[in-house]
Amino acid sequence: MISIPDAEPGQVYLVGAGPGDPALLTLRAAHLLKTADVILPDDLVSEEILELASPTTLIIPVGKRCGQPRITQAGIHDLMLEHTRNDSSVVRLKSGDPLVFGRAAEEIAFLREHHIPFEIVPGITAAFAVAASLEAPLTDRTRASKLILATAHHAAGKLSLTPSWSGSFPDEATLVIYMPGRDFETLAADLIASGIAPTTPCTAVSSASTPQQHTYTTTLAGLRSANVGPAPVILLIGPEVHPAKAQA
Ligand code: SAH
């Protein structure tokens with residue numbers, strides 16, 4: 001039997017909840033959900049995962065897109081401070097991995113500044129869950145030696161990828177795009193302009209690892225008119241992302 005420590009009073013845990021399926025949580029994450037006093041989940045964290053919390057746990061949703069009054073990043077910081085000062089243990093629950101497109105840098109800086117002890121618990125990032133469900137390797141010994149995790153959603157709200165590559169995209173890479181937005185025409189044009197072949201396989205997956213998962217496989221050129229499911233959507237572009245499963 002392995003022994004997993006309980007959540008400690010006055011501590012914050014930045015925990016990855018994985019892509020949605022509770023079976024993809026780490027044992028550490030599942031145990032912290034059961035033993036924490038307070039959970040602050042993002043809106044992409046599934047109900048099934050929150051059901052693992054103890055009935056006495058206070059759950060305060062802090063998603064910024066859940067149609068309720070928007071909570072600011074500063075508001076999330078205030079909640080972490082308030083509850084740790086009351087000697088509660090706080091799980092800040094983020095979808096996927098907390099260090100991948102999760103604004104963790106701001107939370108870590110805040111916790112350090114206020115001398116609040118914290119631990120980071122990794123989770124399965126959406127890219128890895130999607131690749132597994134499609135049986136699509138992200139790297140390949142001969143055709144994909146690099147893996148790039150990118151977002152098309154810049155902090156300034158501007159949709160543009162090409163400046164990041166200085167006009168040329170590395171050869172033999174798999175590119176995973178988080179938060180791709182809905183303007184696939186511009187995105188595909190940007191990527192083709194940056195040197196990725198229009199014939200490169202491209203798979204768009206919506207709500208991966210949930211019963212609503214929707215998969216659409218095309219080429220980069222075909223992405224312009226892709227019939228992609230509702231958010232959250234992730235794009236995999238690369239030589240190996242023409243999954244047998246999605247084509248079946
Ligand atoms: N920290 C998360 C990413 C948060 S950014 C992680 O490591 O996965 C939010 C983006 O992640 C979404 O816009 C989408 O691009 C992607 N995403 C998260 N969960 C997803 C899912 N179940 N299916 C498809 N995309 C997902």
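Computed over heavy atoms, backbone and side chain alike; hydrogens, waters and symmetry mates excluded. Remember, it's 1-based here, ligands and their atoms both numbered in the order they're listed.
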Working to the nearest 0.5 angstrom, can you tell me the gap between [X] [atom1] and [Y] [atom2]?
X	Y	atom1	atom2	value
H77	E106	NE2	CD	6.0 Å
I177	L187	CD1	CG	4.5 Å
I120	E107	CD1	CD	10.0 Å

Do any nitrogen or oxygen atoms of [X] lie less than 3.5 angstrom from nitrogen or oxygen atoms of ligand 1?
X	answer
G102	no
I124	no
V130	no
S206	no

Following the transitive rule for hydrophobic clusters with a side-chain heavy-atom cut-off under 4.5 Å over Ile, Leu, Val, Met, Phe, Trp and Tyr, establish whether L50 and V12 coincide in one cluster. no

Where on [X] is there a heavy atom closer than 4.0 Å to ligand 1, on the side chain, on the backbone, on both, or on neither?
X	answer
S207	backbone
T151	neither
V205	backbone

Quick one: does G20 get a heavy atom under 4.0 Å from ligand 1? no

Would you say S95 contacts ligand 1, with heavy atoms under 4.0 Å as the rule? yes

Closest to atom 17 (N) of ligand 1 (heavy atoms only, candidates S209, A126, P180) is A126

As a check for students: among V176, D97, D43, V100, identify the option with a heavy atom nearest to atom 3 (C) of ligand 1. V100

Can you confirm whether more than 12 heavy atoms, excluding those of R85, are under 6.0 Å from its CZ atom?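 Atom CZ in R85 is not packed in, count stays at 12 or less.
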
Is it true that, when you exclude N86 itself, more than 12 heavy atoms of the residues, nucleotides or ligands shown sit nearer than 6.0 Å to its CG?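 Yes, enclosed.
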
Residues forming a side chain to side chain contact (heavy atoms under 4.5 Å, CB included) with A197, sequence neighbours excluded: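 A197 satisfies side chain to side chain contact (heavy atoms under 4.5 Å, CB included) with T199, T200 only.
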
A student checking ligand 1 against L44 at a 4.0 Å heavy-atom cut-off should list atoms 9 (C), 18 (C)

List every atom of ligand 1 that sits less than 4.0 Å from any heavy atom of T125, numbering the atoms from 1 in the order shown and giving each element.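 Matching atoms, with element in brackets: 6 (C), 7 (O), 8 (O).
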
Could you tell me whether D42 and R92 have a side-chain N and a carboxylate O separated by less than 4.0 Å? yes

Under the side chain to side chain donor-acceptor pair (under 3.5 Å) definition, can you give me all pairs with a residue in residues 114-128, not counting sequence neighbours?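 Of all non-adjacent pairs touching residues 114-128, those that pass side chain to side chain donor-acceptor pair (under 3.5 Å) are R28-E119, T125-Y178.
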
